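Only this structure's heavy atoms are used, side chains among them; waters, hydrogens and symmetry mates stay out. Values in this document were obtained by computation on a predicted structure and should not be read as measured data.
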Amino acid sequence: MSQPAAFTDDGDAGTLRFSGSLSLANLGDLPDRLSAYDGKAERLDLSGIERIDTIGAWTIHRFSQKNGAAVEGLSEDGQHLFDQVQAADQPVRIRGEHVPAFSRVLGEIGAATIQSGKTLYGLLGFLGATTLAFWATIRHGRFRFNATVQRFEVVGVSALGIIGLMSFLIGIVIAQQGAVQLRQFGAEVYTINLVGRLSLRELGVLMTAIMVAGRSGSSFAAQLGTMKLTEEIDAMRTIGVSPMEALVVPRVMATVLMMPLLGFYAALVSIIGGGLLCWAALGIPFITYVQRIREVVPVSDVYICLIKAPVFGAIIAMAGCFQGMQVEADAEQVGLRTTSAVVQGIFLVIVLDAFFAVFFSWVGWL
């Protein structure tokens, strides 16, 4: 059983010798006796103590600071603990230093720029890792067909309703706004051109990508983040299963393959919505509307839709999976990474859409 903490005074030698256990359970009234001590103390000899904990180390440190006494005789572990307590005894600033608003804003912009660069670098590395994992699954015949088909349902089939409703309403809005503006010039018939080309070339695939980023990109990040938090991914590595091959590749492949179908479907539904508005508001028969669509919409617009869609799908899926694999420490990270996945997916989709617009104009697909 540990002895209560105690100390003895060597008198003129200026040394206090401690004995017993300097732990919370055995300190007793030692702090009070040290506070009341008014003798000369130049050295504190702790070679006779049984053990010391953080409370005991703090008591000795506070007394040594008050009297300017040197602490001696601690074991290696005890000395390490005492050093840590001593280093932690620093004044704490209740209020931070005042930073001018301009400097603070400039610092936040710089930090955001650095973070964006690191994220872009990480995404490029993740793209390379995904490509290598896909090649490994093909080369070794380990492609997970069932997992990919299940993702088809999650990414594509389950999204048909919301994407169809959104596209239908967008088609109506485009036709209504276009008709109102073109009526001023007596050119309401060109509303058909506006609906057809915008739906197939831009808004169909772009709005679909945004919706998929919100649905599937966030889902990928949350699923993988939760698996990372519960150490399921570490368990997969332990049993020799590659998380990239088993989790990332099926999700990326499903999104890449489903996006062209969803984008084309969204464009058709948007055209149908615009046709109903033209029939109801402008008196244009639906048959005439369809014939006019065939005349004014070049086949290159369909190609543009089908080219952009898989690229958008790959970006959305990799942003979601990348953020999910970055989850660490606690459950709050799952929410933060899920939000980052959606924001980054939508941002990159819009940036790439602008790039594609310039590129296709440069090659003559106007």
Side-chain angles (χ1 to χ4, degrees), residues 24 53-55 57-58 77 80-81 83-85 87-97 99 104-105 107-130 132-133 144 147 150-151 154-155 158 210-252 254-255 314-349:
L24 178 62
D53 65 5
T54 306
I55 301 300
W58 171 252
D77 291 340
H80 177 72
L81 174 62
D83 292 340
Q84 295 297 314
V85 170
D89 185 16
Q90 300 293 335
V92 178
R93 184 183 295 273
I94 298 177
R95 294 183 178 179
E97 295 182 0
V99 180
R104 185 173 64 252
V105 171
E108 291 177 356
I109 293 174
T113 303
I114 293 173
Q115 183 61 37
S116 299
K118 291 180 178 179
T119 301
L120 180 59
Y121 179 78
L123 276 172
L124 291 175
F126 194 77
L127 171 62
T130 304
L132 293 176
R144 297 176 180 269
Q150 196 270 339
R151 293 297 141 192
V154 173
V155 176
S158 300
I210 293 174
M211 183 61 68
V212 170
R215 289 187 75 259
S216 302
S218 60
S219 174
F220 294 166
Q223 289 169 356
L224 296 186
T226 304
M227 293 180 69
K228 188 80 180 295
L229 203 62
T230 56
E231 300 182 354
E232 294 179 58
I233 292 179
D234 294 334
M236 293 176 66
R237 291 194 179 100
T238 301
I239 63 176
V241 177
S242 170
M244 295 295 295
E245 295 181 13
L247 301 176
V248 176
V249 170
R251 286 170 167 78
V252 173
T255 311
I315 289 295
I316 292 167
M318 281 191 290
C321 294
F322 170 72
Q323 291 296 334
M325 297 292 278
Q326 301 302 307
V327 170
E328 301 285 350
D330 52 35
E332 184 181 5
Q333 285 285 311
V334 177
L336 295 176
R337 294 294 180 176
T338 300
T339 303
S340 297
V342 176
V343 172
Q344 289 175 5
I346 294 175
F347 174 76
L348 291 174
V349 162

Please report the closest heavy-atom contact between G217 and A341, naming both atoms and the distance.
O-CB, 4.1 Å

Could you please spell out the steps behind the side chain to side chain contact (heavy atoms under 4.5 Å, CB included) verdict for M236 and L247?
CA-CA 10 Å; M236 293 176 66; L247 301 176; 3.9 Å; yes

Could you tell me whether the side chain of D330 and the main chain of Q333 form a donor-acceptor pair under 3.5 Å?
yes

First locate atom CD of Q223, then atom OG1 of T226, and finally report the distance between them rounded to the nearest 0.5 Å.
8.0 Å

Any side-chain heavy-atom pair from M325 and I233 closer than 4.5 angstrom?
yes

Applying side-chain contact (heavy atoms from CB on, under 4.5 Å), can you list everything that pairs with I109, at least two apart in sequence or on another chain?
V105, T113

Can you list the residues that meet the side-chain hydrogen bond (donor to acceptor under 3.5 Å, both in side chains) rule with Q326, with sequence neighbours excluded?
none

Between atom CZ of R144 and atom CZ of R251, what is the distance when rounded to the nearest 0.5 Å?
11.5 Å

S218 side chain vs R215 backbone, donor-acceptor pair below 3.5 Å:
yes

Mind checking whether T54 and V85 have side chains closer than 4.5 Å, heavy atoms only?
yes

Checking side chain to side chain contact (heavy atoms under 4.5 Å, CB included) for the pair M318/L127: CA distance, chi angles, key distance, verdict?
CA-CA 7 Å; M318 281 191 290; L127 171 62; 3.3 Å; yes

Non-hydrogen side-chain atoms of T119 and F322 separated by less than 4.5 Å:
yes

State the CD-CG distance between E332 and L229, to the nearest 0.5 angstrom.
11.5 Å

Which heavy atom of A213 sits nearest a heavy atom of I316, and at what distance?
CA-CG2, 3.6 Å

Side chains of K228 and E328: closer than 4.5 Å at any heavy-atom pair?
yes

Taking all non-hydrogen atoms of both residues, which atom of V249 and which atom of T130 are closest, and how far apart?
CG2-O, 4.2 Å

Grab the two heavy atoms, one from A319 and one from L123, that are nearest each other, plus how far apart they are.
CA-CD2, 4.1 Å

Contacts of type salt bridge (charged side-chain N to carboxylate O under 4.0 Å, His left out), residue D234, not counting sequence neighbours
R237

So do the side chains of F126 and Q323 get within less than 4.5 Å of each other, counting heavy atoms only?
no

Considering only heavy atoms from C-beta outward, does the side chain of D77 approach that of H80 to under 4.5 Å?
no

Closest non-hydrogen atom pair between V252 and A317, with its separation:
CA-CB, 3.7 Å

